[in-house]
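Reviewing the structure listed below.
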Amino acid sequence: MERYSEITNKNQREIVLLKGFPCKWGKCSFCDYILDNDTAEEEMNRLNEEVLAKISGKYKVLEVINSGSCFELTQGTLERIREVIREKGIQKLFLESHWCYKNRLQEMRDFFGIPIVFKIGVETFDYAFRNEVLKKNAKFKDYTELKQYFESPCMMVGIVGQTKEMIAKDMAIVEDHFDYATINMFVNNTTQVKRDEDLVQWFVKQYSYLDKNPKIEVLYNNTDFGVGD
């Protein structure tokens with residue numbers, strides 16, 4: 001499992017994948033990332049400390065992810081991240097959170113004391129597909145409501161049941177209304193949700209220009225950020 005990497009093409013930054021407590025929601029139909037969660041706090045702190053020790057601060061920007069929300073990191077890990085931010089002169093932080101924590105985001109901003117870009121796993125702006133099929137429990141009405149809390153939606157492409165029209169609407173929203181976005185190609189995993197290969201290939205051809213868009217990062221594989229396995 002790779003837990004430290006550098007992102008050098010867009011929004012240059014260091015990124016770390018840390019261990020956290022079990023995801024508060026943990027019921028998304030397509031997600032098996034939560035298998036990386038743990039409850040052994042001391043062991044988690046030790047592992048996270050080893051990963052955080054690799055941060056150099058060379059880009060002055062850091063992204064911290066875990067298999068859930070930043071609020072599920074241990075207090076010891078959060079304090080160590082804050083120390084690293086100060087030691088290495090980090091000036092911007094990327095964190096990820098589930099919709100259920102939307103009213104607590106300011107807590108993290110106050111704790112770390114630097115600008116934070118909050119990412120959220122939206123997957124799609126289609127309300128029914130997001131909540132009834134993907135089981136996200138992210139029941140915002142539209143992008144305007146989401147944007148009140150989060151700066152960077154993470155979208156999913158290529159799931160059986162999605163349509164080209166649905167994806168086209170999603171891409172129009174992220175291109176027109178957000179300063180940051182991540183587009184993930186769905187890769188088959190241990191869940192029952194399956195990849196639609198034809199839809200993926202259509203997207204790759206139709207939206208190849210996004211590779212040149214400085215604000216949108218397209219991940220064709222789960223490990224394109226250099227972390228995970």
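Distance check, rounded to the nearest 0.5 Å: CD of Glu41 to CZ of Arg46 gives 11.0 Å. Note that the CZ atom of Phe125 and the CG atom of Leu146 stand 5.5 Å from one another [nearest 0.5 Å]. Here Leu95 contributes atom CG and Ile81 contributes atom CD1; the two are 7.0 Å apart, rounded to the nearest 0.5 Å. The CZ atom of Arg3 sits 7.5 Å away from the CG atom of Leu18 when rounded to the nearest 0.5 Å. For the atom pair OH of Tyr33 and OG1 of Thr190, the computed distance is 10.5 Å after rounding to the nearest 0.5 Å. Between the CG atom of Asp170 and the CD atom of Glu165 there is a distance of 11.5 Å, given to the nearest 0.5 Å.
Residues Phe150 and Ser97 come closest through the heavy atom pair CE2-O, 3.7 Å. Of all heavy-atom pairs between Ser152 and Val117, the closest is CB-CG1, 4.0 Å. Nearest heavy-atom pair across Met156 and Met185 is SD-C, 4.4 Å. Summarising the geometry of Cys100 relative to Lys24, their closest heavy-atom pair is SG-CD, 4.0 Å, with the distance given to 0.1 Å.
Remark: side-chain polar atoms of Asp38 are paired, donor with acceptor, to backbone N or O of Ala40 under 3.5 angstrom. With hydrogens and angles ignored, the 3.5 Å screen pairs a side-chain donor or acceptor of Lys10 with a backbone N or O of Asn213. No donor-acceptor pair under 3.5 Å is formed between the side chain of Asp196 and the backbone N or O of Ile159. For the pair Asp126 (side chain) and Met166 (backbone), a donor-acceptor distance under 3.5 Å is absent. In this structure, the side chain of Glu72 engages the main chain of Ser69 through a donor-acceptor pair within 3.5 Å. A donor-acceptor pair is defined here as one N or O able to donate and one able to accept, closer than 3.5 Å; no such pair exists between the side chain of Glu132 and the backbone of Phe129. Remark: the backbone N or O of Lys136 is paired with a side-chain donor or acceptor of His98 at under 3.5 angstrom. Side chain of Lys119 to main chain of Glu151: no donor-acceptor pair is present (N/O by atom type, distance under 3.5 Å, no hydrogens or angles). Between the side chain of Trp25 and the backbone N or O of Ala138 there is no donor-acceptor pair closer than 3.5 Å. Lys60 places a side-chain N or O within donor-acceptor distance of the main-chain N or O of Lys88, the cut-off being under 3.5 Å.
Ring planes of Tyr101 and Phe71: parallel class, angle under 30° (limits at 30 and 60°). The aromatic rings of Trp99 and Tyr149 lie perpendicular to each other, with more than 60° between the two planes, well past the 30° mark. Between Phe186 and Phe30, the ring planes lie perpendicular to each other; the angle is over 60°, past the 30° to 60° tilted range. Ring pair Tyr207/Tyr209 is tilted by interplanar angle, where 30° to 60° counts as tilted.
Because its NZ or CZ atom is not both nearer than 6.0 Å to the ring centre of Tyr127 and within 45° of the ring axis, Lys141 does not count as a cation-pi partner of that residue. Taking the ring axis of Phe225 as reference, the NZ or CZ atom of Arg13 stays within 45° of it and closer than 6.0 Å to the ring centre.
The one candidate from Asn37, Asn45, Asp36, Thr77 that meets the side chain to side chain donor-acceptor pair (under 3.5 Å) condition with Lys19 is Asp36. Partner of Ile216 under the side chain to side chain contact (heavy atoms under 4.5 Å, CB included) criterion, chosen from Met155, Glu175, Met171: Glu175.
Tyr143 and Tyr180 are assigned to two separate hydrophobic clusters, defined by single-linkage of ILVMFWY side chains at heavy-atom distances under 4.5 Å. When hydrophobic clusters are built by joining Ile, Leu, Val, Met, Phe, Trp and Tyr residues whose side-chain heavy atoms come closer than 4.5 Å, directly or via intermediates, Ile120 is not grouped with Leu17. Note on Val174 and Val200: same hydrophobic cluster, where clusters join Ile, Leu, Val, Met, Phe, Trp and Tyr whose side-chain heavy atoms are under 4.5 Å apart, directly or indirectly. In the hydrophobic clustering of this structure, Leu219 groups with Ile15; members are Ile, Leu, Val, Met, Phe, Trp, Tyr whose side-chain heavy atoms approach within less than 4.5 Å, directly or through other members.
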Discussion item. Please evaluate residues Val122 and Cys154 with respect to the criterion side-chain contact (heavy atoms from CB on, under 4.5 Å), reporting the C-alpha separation (whole Å), side-chain torsions for both, the decisive distance (0.1 Å), and the verdict.
Written reply: CA-CA 6 Å; Val122 170; Cys154 299; over 6 Å; no
Item to complete: Applying side-chain hydrogen bond (donor to acceptor under 3.5 Å, both in side chains), run through Thr191 and Asn189 and close with a yes or a no.
Response: CA-CA 6 Å; Thr191 69; Asn189 53 30; 2.6 Å; yes
Item to complete: Would you please test Arg86 and Glu83 for salt bridge (charged side-chain N to carboxylate O under 4.0 Å, His left out) and show each step?
Response: CA-CA 5 Å; Arg86 293 170 177 171; Glu83 290 174 357; over 6 Å; no
Practice prompt. For the pair Glu145 and Lys147, evaluate salt bridge (charged side-chain N to carboxylate O under 4.0 Å, His left out) and give the outcome as yes or no after the intermediate values.
Written response: CA-CA 5 Å; Glu145 185 177 359; Lys147 199 171 180 180; over 6 Å; no
Discussion item. The test is side-chain contact (heavy atoms from CB on, under 4.5 Å); show your working for Leu78 and Phe111 and say whether it passes.
Written reply: CA-CA 9 Å; Leu78 290 172; Phe111 181 81; 3.9 Å; yes
Worksheet item: Would Leu93 and Val64 count as a side-chain contact (heavy atoms from CB on, under 4.5 Å) if you check the C-alpha gap in whole Å, the side-chain angles of each, and the deciding distance to 0.1 Å?
Response: CA-CA 8 Å; Leu93 182 63; Val64 175; 4.0 Å; yes
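Side-chain contact check for Val16 versus Ile55: some heavy-atom pair is nearer than 4.5 Å. Gln12 places none of its side-chain heavy atoms less than 4.5 Å from the side chain of Ile7. Using a 4.5 Å heavy-atom cutoff, the side chains of Val133 and Val193 are not in contact. Contact annotation: the side chain of Lys139 never approaches that of Arg130 to less than 4.5 Å [non-hydrogen atoms, C-beta and beyond]. Contact check for Asp224 versus Asn222: no side-chain heavy atoms found under the 4.5 Å cut-off.
Side-chain polar atoms of Asp211 and Tyr220 form a donor-acceptor pair below 3.5 angstrom. Between the side chains of Tyr59 and Glu14, no donor-acceptor pair of N or O atoms lies under 3.5 Å. When only modelled atom types and interatomic distance are considered, Thr144 and Asp142 share a side-chain donor-acceptor pair under 3.5 Å.
Ion pair Arg109/Glu107 not flagged as a salt bridge, since none of the NZ, NE, NH1 or NH2 atoms sits closer than 4.0 Å to an Asp/Glu carboxylate oxygen. Classification of Glu87 and Arg82 as a salt-bridged pair fails, no side-chain N sitting under 4.0 Å from a carboxylate O.
Applying the 6.0 Å contact sphere to CD of Glu2 captures no more than 12 heavy atoms from other residues, nucleotides or ligands. Other residues, nucleotides and ligands contribute over 12 non-hydrogen atoms within 6.0 Å of the CD atom of Gln75.
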